Amino acid sequence: MALETESVTRDKLSLADTEIDWARLDKTRFHVIGAVLFTVQQALIHPTAVVKTRMQVADSRLAHMPGMVVFKDILRNDGIPGVFRGFGTSAIGSLPGRVLALTSLEMSKDMMLKYTQGLNMPETTRIGVANGVAGMFSSLISSLYFVPLEVICQRLIVQGLPGATFYIDPFDVARKVIKAEGFCGLYRGFGLTALTNSPAVALWWGVYGAAQRIIWRSLGYRDDSEKKPSHMEMMAVQATAGMVAGACSSVITTPIDTVKTRLQVIDDYGVARPSVLKTTKILLKEDGWWGFYRGFGPRFLNMSLYGTTMIVTYELIKRLSIKHI
């Protein structure tokens, strides 16, 4: 019986290496490797963001086309550069924001895990809550940087559509927006972003943390074993949990994302400054309630791919950045 118990214990693998906290990371290496790998990951999924944005902002003809048809239409009219519009601005501009987002995420997650350590709750729930709160805090902080960048990138992406303003470069976008609306113009949709993205990001990280834990448990892995899962096993579990989190988030957040994107980009709603209410009314008038799910297919694909590639990249960066003592 003792030998049988010992054999079972040996077969259950450790989860220690799948949860790397902030204190174990070499911060410089973490941000340098992160800048390179996240830029590659961003390049892979940027075309889906371009298609999604075009469908959300364009007239009804384009908005009701399948995402693949829109993608082919962009390729036919603008070539490869068309599906990468705004990528350079987004990739370079995201570097400082990513440092801010990742630092705030890891520090707040570390604090939440320590704070909830003595609470009487299941471990899966505790990790889900800690991830969710950390994600929400990180989203609130990083929105201060990313919303102006998003406004600029979205306007570059929709160039070529009827009624869209022509811009020479990202700085030209910023100059024209500030000239027309003041500095607040760069923060169009900030309130909507803060009120909606933060819970959405909290949901994403919460689902990811809980899903990963559930998958490990269902596979028979435990914390108290000396053996470690292989890198391929870790990647497979983390990718699956990321895909589940991305899919859940896209279903819930697409309507708000559609309103926010149109609010940030469209200027011809009349003499008054665009507002959430006015944008919502126009969208309802054009397409009814289904209009809020414009671009859902590309966004679902984008969020699922983003969830999978982002979390695999993110966890790889953390493993490569562990301090060597």
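Side chains included, hydrogens not; waters and symmetry mates left out as well; all remaining heavy atoms used. These numbers come from a predicted model, not from an experiment.
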Quiz item: Which of parallel (below 30°), tilted (30 to 60°) and perpendicular (above 60°) describes Tyr208 and Trp205?
Solution: perpendicular
Quiz item: Looking at Trp22, does the NZ or CZ of Lys27 lie under 6.0 angstrom from its six-membered ring centre and within 45 degrees of the ring axis?
Solution: yes
In plain terms, say whether [X] and [Y] are close enough for a salt bridge, that is, a side-chain N and a carboxylate O under 4.0 Å apart.
X	Y	result
Asp78	Lys72	no
Arg294	Glu286	yes
Asp73	Arg54	no

Quiz prompt | Heavy-atom neighbours of Met107 CE exceed 12 at 6.0 Å | solution = no
Self-check item: Within 6.0 Å of CD1 in Ile92, more than 12 heavy atoms from elsewhere
Solution: no
Self-check item: Criterion side-chain contact (heavy atoms from CB on, under 4.5 Å) on Thr103 and Phe30, from CA distance to verdict
Solution: CA-CA 10 Å; Thr103 302; Phe30 176 68; 5.7 Å; no
Practice problem: Quick one: pull up CG in Leu149 and CD in Gln154 and give me the separation to the nearest 0.5 Å. | Solution: 10.0 Å
Practice problem: Output the distance between atom OG (Ser142) and atom CZ (Phe137), rounded to the nearest 0.5 Å. | Solution: 10.0 Å
Quiz item: In the single-linkage hydrophobic clustering (I, L, V, M, F, W, Y; side-chain heavy atoms under 4.5 Å), do Ile322 and Leu37 co-cluster?
Solution: yes
Practice problem: Check the pair Arg85, His46 against side-chain contact (heavy atoms from CB on, under 4.5 Å), reporting the backbone distance first and the verdict last. | Solution: CA-CA 9 Å; Arg85 274 195 177 172; His46 187 78; 5.5 Å; no
Exercise. Please report the closest heavy-atom contact between Ile317 and Phe38, naming both atoms and the distance.
Key: CD1-CE1, 3.6 Å
